[in-house]
Amino acid sequence: MSSPGWEIRMSSTHKIPYYFNTNTTTSTWDAPLPKDELRKLPGAHYLDQPGQTHSEQIRASHLLIKHKDSRRPSSWKDATITRTNDEAIAILRKHQAEINDASDKAEKFGELAKVHSDCSSHDKDGDLGMFGRKQMQQPFEEAAFGLKVGEISDVVSTDSGVHLIMRTA
């Protein structure tokens with residue numbers, strides 16, 4: 001095998017398979033090897049779980065702006081968020097305009113998410129990794145699955161706050 005140490009494990013949180021390297025103790029949602037080699041790895045049976053095929057999963061990034069009525073009105077940058085829902089939407093609309101004006105929208109999206117998103121995914125430019133249906137709040141899921149790769153949503157409201165979502169895979 002070209003990359004020793006890889007095995008497939010099941011995420012207890014997301015209920016989908018991920019790849020773990022026992023030599024480096026690193027993990028990834030993305031397949032580290034060609035498909036024919038994945039089938040030879042320990043844990044390959046996890047790839048056959050019903051409802052968890054790779055084709056039913058997407059990857060997305062988001063820029064989250066929380067407000068005082070969010071289910072957890074705090075973030076990595078603000079211990080207590082006091083802005084209103086309308087103020088959060090106005091902030092997100094400003095970011096949306098910056099993204100729309102950029103020559104490289106994906107790059108601008110990542111830059112803004114890194115600095116302004118209230119989600120811990122900010123440190124990965126808003127990348128949420130791979131996810132399937134029923135793993136995100138329904139409005140988020142519907143918007144993300146409704147996008148084509150490279151498209152960015154309009155403002156999406158969830159219990160967490162307001163989001164811009166960019167589908168990346």
Side-chain angles (χ1 to χ4, degrees), residues 2-3 6 8-21 26-39 41 43-44 46-66 70 75-76 88-169:
S2 60
S3 235
W6 287 105
I8 301 168
R9 296 183 176 182
M10 181 62 72
S11 167
S12 59
T13 304
H14 299 294
K15 308 294 187 238
I16 57 174
Y18 68 97
Y19 306 93
F20 181 78
N21 189 300
T26 58
S27 62
T28 180
W29 295 112
D30 300 319
L33 302 168
K35 196 175 212 170
D36 61 323
E37 290 185 42
L38 293 176
R39 292 282 169 203
L41 295 178
Y46 288 126
L47 297 174
D48 300 322
Q49 296 291 316
Q52 297 300 330
T53 62
H54 188 71
S55 64
E56 293 176 350
Q57 295 180 31
I58 65 170
R59 186 174 197 147
S61 297
H62 76 143
L63 197 167
L64 168 66
I65 303 297
K66 292 183 176 186
S70 296
S75 74
W76 63 275
I89 291 171
I91 291 167
L92 207 54
R93 291 278 183 218
K94 182 178 113 349
H95 297 321
Q96 185 179 38
E98 284 185 64
I99 292 164
N100 289 337
D101 290 344
S103 58
D104 186 335
K105 291 175 181 22
E107 182 178 336
K108 179 54 81 174
F109 189 101
E111 289 171 5
L112 291 171
K114 183 178 283 294
V115 175
H116 300 289
S117 183
D118 286 318
C119 181
S120 60
S121 68
H122 76 95
D123 61 351
K124 296 175 288 204
D125 296 347
D127 182 18
L128 296 169
M130 299 295 289
F131 59 90
R133 296 221 179 249
K134 304 203 184 305
Q135 291 183 264
M136 301 292 182
Q137 293 175 52
Q138 188 173 2
F140 190 99
E141 175 188 311
E142 289 174 5
F145 275 86
L147 297 169
K148 293 179 182 157
V149 173
E151 286 184 334
I152 300 171
S153 71
D154 196 9
V155 173
V156 176
S157 292
T158 70
D159 292 341
S160 297
V162 292
H163 314 251
L164 290 178
I165 305 165
M166 178 175 63
R167 183 162 173 182
T168 56

Under a 4.5 Å cut-off applied to non-hydrogen side-chain atoms, are [X] and [Y] in contact?
| X | Y | answer |
| --- | --- | --- |
| Ile165 | Ile152 | no |
| Tyr18 | Ile8 | no |
| Ile65 | Lys94 | no |
| Glu111 | Val115 | no |
| Thr158 | His163 | yes |

NZ/NE/NH1/NH2 to OD/OE distance under 4.0 Å, [X] and [Y]:
| X | Y | answer |
| --- | --- | --- |
| Asp101 | Lys108 | no |
| Lys134 | Glu141 | no |
| Asp127 | Arg59 | yes |

Which atom of [X] lies closest to which atom of [Y], heavy atoms considered:
| X | Y | result |
| --- | --- | --- |
| Pro17 | Met10 | N-SD, 3.7 Å |
| Ser70 | Gly161 | OG-CA, 3.7 Å |
| Tyr19 | Pro32 | CG-CD, 3.5 Å |
| Ile99 | Leu112 | CG1-CD1, 3.6 Å |

Worked verdict on Thr26 versus Trp6 for side chain to side chain contact (heavy atoms under 4.5 Å, CB included): CA-CA 9 Å; Thr26 58; Trp6 287 105; 4.3 Å; yes
Euclidean distance, [Y] [atom2] relative to [X] [atom1], rounded to 0.5 Å:
| X | Y | atom1 | atom2 | value |
| --- | --- | --- | --- | --- |
| Ser160 | Leu64 | OG | CG | 6.0 Å |
| Ile58 | Leu147 | CD1 | CG | 7.5 Å |
| His116 | His122 | NE2 | NE2 | 12.5 Å |
| Met166 | Ser153 | CE | OG | 10.5 Å |
| Leu33 | Leu38 | CG | CG | 5.5 Å |
| Ser117 | Lys124 | OG | NZ | 11.0 Å |

Go through the steps to decide whether Lys66 and Asp159 satisfy the test salt bridge (charged side-chain N to carboxylate O under 4.0 Å, His left out), and finish with yes or no. CA-CA 9 Å; Lys66 292 183 176 186; Asp159 292 341; over 6 Å; no
Could you check Leu128 against Met136 for side chain to side chain contact (heavy atoms under 4.5 Å, CB included), going step by step and ending with a plain yes or no? CA-CA 10 Å; Leu128 296 169; Met136 301 292 182; 4.2 Å; yes
Across all chains, not counting sequence neighbours, the salt bridge (Lys or Arg N to Asp or Glu O under 4.0 Å) partners of Glu107 are none
Under 3.5 Å: donor-acceptor pair, side chain of Lys114, backbone of Asp125: no
Measure from the side-chain N and O atoms of Glu151 to the backbone N and O of Lys148, and report whether any donor-acceptor pair falls under 3.5 Å. yes
Within 45° of the six-membered ring axis of Tyr46 and under 6.0 Å from that ring's centre, is NZ or CZ of Arg9 located there? no
Test side chain to side chain contact (heavy atoms under 4.5 Å, CB included) on Asn100 and Gln96 and set out the steps. CA-CA 6 Å; Asn100 289 337; Gln96 185 179 38; 3.8 Å; yes
Would you please indicate if the ring centroids of Phe140 and His62 are separated by under 6.0 Å? yes
